[in-house]
Amino acid sequence: MTTLPFDRPHPLRPPPAYAELRATEPVAAVTTSDGRPAWLVTSYDAVTAVLGDPRFGVAPPGSRPGQGATLLQDGDPHRRLRRLVGGAFTPARIGALRPRITRLAEAQADALLAGGSPGDLVSGFAAPLSIAVIAELLGVALEDRDRFRQLADAASAADFTTMDTAAEQAWGAFAEFVGGLIAAKSANLGEDLLSALIEEPGLSDYERTTLVLTILASGYLTATNAISVGATLLLTEGRLAALADCTEDILRATVEEVVRLQIGLIGEVFPRWALADLDLEGVRLRTGDLVLARLGAANRDPAHFAEPDEFRPRPSTEERHVAFGRGPHHCLGAALARLELGIALRALATKLPTPRLSGSVHDIDWVTAHADSGPVAVGVSW
């Protein structure tokens, strides 16, 4: 039986083993790094089946609804929470943030430029921009940004699916920080997302705190990694500078291609559990089996994407990628992620003359965390 993780010879490409399994055994028996048996799912059709079928859950069979992190629920409890917060993430509401995100991105690109060449795309642009955007969305002043980054990074590195002592301590410290934000906002309510969550009578204090934790962590960690890796992809392709004066259609297509190719590098969907005995691609799964659906493999399936390993902005008629998931756990923040990434990439292209990587992409150090992974630093020159 194959043991995870697989070797990844190129930092911006998935392990070659994904393609081999997708072609020969798209639902394969593997052993996780901590010794658990699991099924690794690598084809587009099998991955979308897992994500859309209610017989697969993010919580193991027998788990009590409402226990643990709010994201790790299925069925009615999960639908209830999405209904309560989903209105804040509609495309129309997120679109209204465009002018403010644009100003923030351009100001941060100016700050990167002022710091001199070479600069660091992570600490000099992506991280401070992501913090500023999520603070804008929530309506909070993250004045102690170093403290926020320390807490968020520690929480990201912890394995919240097992919630061992380290995870409990990391998320406990982050929750205490969030509690302070909620208390401060409660005395000064506004039209922002955090005020809406505070005023929502259907949320318990625990649910409210956990939702804000999730929004903060994903809005900072995932966005920072998406911008950093997205810019790195475009720089290696020699495509970043062209975004300075491209059309909105080209920018949107570029963002979708960046997202398609980077998922699996910066993160994957939560593990799933078989909630019943069932067949998947001719393989018999039993109740309680652990299932690992790999978006990075599905998004490079040649049965659904022409030249799947090439950077090739695609027409909207081509079947869509699954970088934001599918089914009931589809990413609520997808519209914000697309908007922020596009604005960030265009700001870099506009502000930095002839941007280029300072060294080889193989020299970049990565932080591999349970929730999100990304580069420690990305040197860029101009």
Side-chain angles (χ1 to χ4, degrees), residues 12 89-91 93-109 112 120-137 215-237 239-269 295-296 299 311-314 316 320-325 330-352 355 357 371-375 378 380:
L12 298 182
F89 290 95
T90 62
R93 187 160 186 173
I94 296 301
L97 294 172
R98 178 183 292 274
R100 283 175 282 176
I101 295 177
T102 299
R103 288 194 296 271
L104 290 170
E106 290 177 348
Q108 197 59 53
L112 177 65
D120 175 20
L121 281 177
V122 180
S123 64
F125 183 73
L129 174 59
S130 299
I131 293 172
V133 170
I134 203 64
E136 182 79 21
L137 177 68
I215 293 168
L216 276 169
S218 60
Y220 157 57
L221 294 163
T222 307
T224 295
N225 292 331
I227 294 168
S228 302
V229 175
T232 301
L233 279 169
L234 291 175
L235 286 169
T236 60
E237 293 282 333
R239 295 173 179 265
L240 181 62
L243 298 185
D245 54 5
C246 71
T247 67
E248 284 296 321
D249 285 344
I250 291 176
L251 179 62
R252 280 193 294 270
T254 300
V255 167
E256 293 304 316
E257 188 69 346
V258 165
V259 171
R260 180 183 75 86
L261 291 174
Q262 72 172 219
I263 196 65
L265 306 176
I266 69 169
E268 281 284 3
V269 293
L295 304 182
N299 276 350
F311 193 104
R312 181 175 174 269
R314 296 156 196 275
S316 59
R320 296 187 62 167
H321 62 72
V322 290
F324 294 110
H330 179 269
C331 178
L332 268 175
L336 177 60
R338 287 181 164 104
L339 178 66
E340 185 176 348
L341 181 56
I343 290 173
L345 295 175
R346 194 192 284 278
L348 287 172
T350 302
K351 296 289 185 175
L352 302 184
L357 286 178
D372 293 271
S373 299
V378 177
V380 60

What donor-acceptor contacts under 3.5 angstrom involve side-chain atoms of residues 98-106, with partners at least two apart or in another chain?
from : atom 1 : to   : atom 2 : distance (Å)
R100 : NH1    : E136 : OE2    : 3.1
T102 : OG1    : R98  : O      : 2.8

Using a 4.5 Å cut-off on heavy atoms from C-beta on, say whether the side chain of [Y] contacts that of [X].
{"X": "R338", "Y": "R252", "value": "no"}
{"X": "F311", "Y": "P313", "value": "yes"}
{"X": "L265", "Y": "S373", "value": "no"}
{"X": "L129", "Y": "I227", "value": "yes"}
{"X": "I94", "Y": "L339", "value": "yes"}
{"X": "L121", "Y": "L112", "value": "yes"}
{"X": "F324", "Y": "V269", "value": "no"}

Nearest 0.5 angstrom please: [X] [atom1] to [Y] [atom2], how far?
{"X": "L345", "Y": "R239", "atom1": "CG", "atom2": "CZ", "value": "13.0 Å"}
{"X": "Y220", "Y": "I134", "atom1": "OH", "atom2": "CD1", "value": "12.5 Å"}
{"X": "L235", "Y": "L357", "atom1": "CG", "atom2": "CG", "value": "4.5 Å"}
{"X": "L251", "Y": "D245", "atom1": "CG", "atom2": "CG", "value": "11.5 Å"}
{"X": "L216", "Y": "S130", "atom1": "CG", "atom2": "OG", "value": "12.0 Å"}

Report the residues that fulfil side-chain contact (heavy atoms from CB on, under 4.5 Å) with [X], sequence neighbours left out, ordered by chain and then residue number.
{"X": "P128", "result": "Q108"}
{"X": "A349", "result": "L240, L243, A244"}
{"X": "I263", "result": "L295, N299, A323"}

Where [X] and [Y] come nearest, the two heavy atoms and their spacing:
{"X": "R346", "Y": "T247", "answer": "NH2-O, 4.0 Å"}
{"X": "F89", "Y": "G333", "answer": "CD2-CA, 4.1 Å"}
{"X": "K351", "Y": "A109", "answer": "CG-CB, 3.6 Å"}
{"X": "A231", "Y": "L348", "answer": "CB-CD1, 4.0 Å"}

(message) Salt bridge check, E257 against R312: does any charged N sit closer than 4.0 Å to a carboxylate O?
(response) no
(message) Under the rule for side-chain hydrogen bond (donor to acceptor under 3.5 Å, both in side chains), what residues qualify as partners of T254, not counting sequence neighbours?
(response) none
(message) Going by the rule side-chain hydrogen bond (donor to acceptor under 3.5 Å, both in side chains), which residues pair with S228 if we only count those two or more places apart in sequence or in a different chain?
(response) none
(message) Exactly one of V229, T232, L12, N225 should register a side-chain contact (heavy atoms from CB on, under 4.5 Å) with Q262. Which one does?
(response) V229
(message) Run the side chain to side chain contact (heavy atoms under 4.5 Å, CB included) test on R314 and H321 for me, step by step, so that the C-alpha distance in whole Å, both residues' side-chain angles and the decisive distance to 0.1 Å come before the verdict.
(response) CA-CA 10 Å; R314 296 156 196 275; H321 62 72; over 6 Å; no
(request) Please check if the side chain of T236 supplies one atom and the backbone of L233 the other of a donor-acceptor pair under 3.5 Å. (result) yes
